[in-house]
Structure formats: structure tokens, C-alpha cells
Amino acid sequence: QVQLIESGGGLVQAGASLRLSCAADTRTFTSYALAWFRQSPGVGRESVAAINWNGDRTHYADSVKGRFTISRNNDANAVYLQMNDLRPGDTAVYYCAAGWGSTATMEVGRYTSWGPGTQVTVSS
């Protein structure tokens, strides 16, 4: 129900920062909770962060808490993931996702729209 596309990935050294962006093509952006997930070899899709419709509620995976920040700009139809102190374990394809509803959730099944992903590679 919403088209999403990520940008901002790249190759960085451990300790560096990246900011991922996700642009949404929808006329009802505030109807969606948003989230970031990641996929790496040998593991299923992992929940990273989620944000509710107005951005006043967020959730983070324990592995990124304190390092990553999710935010959204409803005027711009965009969601962001600021990633600080990147580690090799953060290497993955990162996806943004949208789920109908106002509440943030880390449950992958709640999200029905997905971007194609952007690669993040962190070297030691």
C-alpha cells in the first residue's frame, strides 16, 4: 500500500557513522508505523528499530540500543536510521518497512510494505 526505497548505505570502518533514509510514496504517511530491519548471511531478518505514527514512541533491538536512532519526518514522507559506532556485526542489507496502524512494533508480521534494501558493510 506504500512504496518505499532506502538510501544511504555504504562501506565504512568500525566506529564510523551512517544515516539511512527511506522515502515513502503515499498520501497517508501518518497512517503507518515504520521500522527498520536487516538481513545478513546465515540469519533471518532481524528487527532493528520501530517508530509510531508521530515519532513519540520508538523501540530498538538490544544490539543497537544507544547507537542507532530512528526518526521520521511526516512532512517529507521519510524515515531515517542514524547509525553511530558501527561494528562489523552491523553488516547487513537494511530494509525499511511500513505497517498500517499508529503503534510501533518490532514484529515483522505487522509490516506489509517493504523497500528493496540498502547494503551496509562495516570493516574492522
For the residue pair [X] and [Y], what are the closest heavy atoms and their distance?
| X | Y | value |
| --- | --- | --- |
| R45 | V108 | CD-CG2, 4.4 Å |
| N73 | F29 | O-CE2, 4.0 Å |
| Y60 | T69 | OH-CA, 3.3 Å |
| R72 | N74 | NE-OD1, 2.7 Å |
| A24 | L4 | CB-CD2, 3.6 Å |

Only counting residues at least two apart or in another chain, list the ones meeting side-chain hydrogen bond (donor to acceptor under 3.5 Å, both in side chains) with [X].
| X | value |
| --- | --- |
| Q3 | none |
| T26 | T28 |
| T121 | Q119 |

key: Qualifying residues under side-chain contact (heavy atoms from CB on, under 4.5 Å), relative to P41, sequence neighbours excluded   =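 With sequence neighbours excluded, P41 shows a side-chain contact (heavy atoms from CB on, under 4.5 Å) to no residue whatsoever.
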message = Using the side-chain contact (heavy atoms from CB on, under 4.5 Å) criterion, which residues pair with T112? Sequence neighbours excluded.
response =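 Scan of T112 (side-chain contact (heavy atoms from CB on, under 4.5 Å), adjacent residues dropped) gives none.
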ask   = If you look only at pairs with a residue in residues 48-95, which of them pass as a disulfide bond (SG atoms under 2.5 Å apart), with sequence neighbours excluded?
value =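 Listed once each, the pairs would be none.
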ask   = Quick one: do L86 and I70 end up in the same hydrophobic cluster if we chain Ile, Leu, Val, Met, Phe, Trp and Tyr together by side-chain heavy atoms under 4.5 Å apart?
value =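 Yes; tracing contacts between hydrophobic side chains, which count when under 4.5 Å, links both residues.
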task = Any ring-ring contact (aromatic ring centres under 6.0 Å, His included) involving residues 105-124? Give me the pairs, sequence neighbours left out, ordered by first then second residue.
result =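 Of all non-adjacent pairs touching residues 105-124, those that pass ring-ring contact (aromatic ring centres under 6.0 Å, His included) are F37-Y111, F37-W114.
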key: Selection residues 90-101 - residue pairs positive for side-chain hydrogen bond (donor to acceptor under 3.5 Å, both in side chains), sequence neighbours left out   =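 Residue pairs with at least one partner in residues 90-101: R38-D90, R38-Y94, R67-D90.
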query = What pairs of residues pass the salt bridge (Lys or Arg N to Asp or Glu O under 4.0 Å) test when at least one of them lies in residues 112-121, not counting sequence neighbours?
reply =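 Passing the test, one end in residues 112-121: no pairs.
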ask   = Does T118 use its side chain to pair, donor to acceptor, with the backbone of G9 at less than 3.5 Å?
value =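 Yes: the side chain of T118 pairs with the backbone of G9.
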Between side-chain atoms of residues 46-53 and protein atoms elsewhere (two or more places apart, or another chain), which donor-acceptor pairs fall under 3.5 Å?
residue : atom : partner : partner atom : Å
S47     : OG   : M106    : O            : 2.5
N52     : OD1  : G55     : N            : 3.0
N52     : OD1  : D56     : N            : 3.0
N52     : OD1  : R57     : N            : 3.1
N52     : ND2  : N54     : OD1          : 3.2
N52     : ND2  : D56     : OD1          : 2.6

Scan the side chains in residues 11-22 for donor-acceptor partners under 3.5 Å anywhere in the protein, sequence neighbours excluded, and list what turns up.
residue : atom : partner : partner atom : Å
S17     : OG   : N84     : OD1          : 2.9

query = Is there a side-chain contact (heavy atoms from CB on, under 4.5 Å) between L81 and E6 once you walk through the steps?
reply = CA-CA 10 Å; L81 186 68; E6 305 91 343; over 6 Å; no
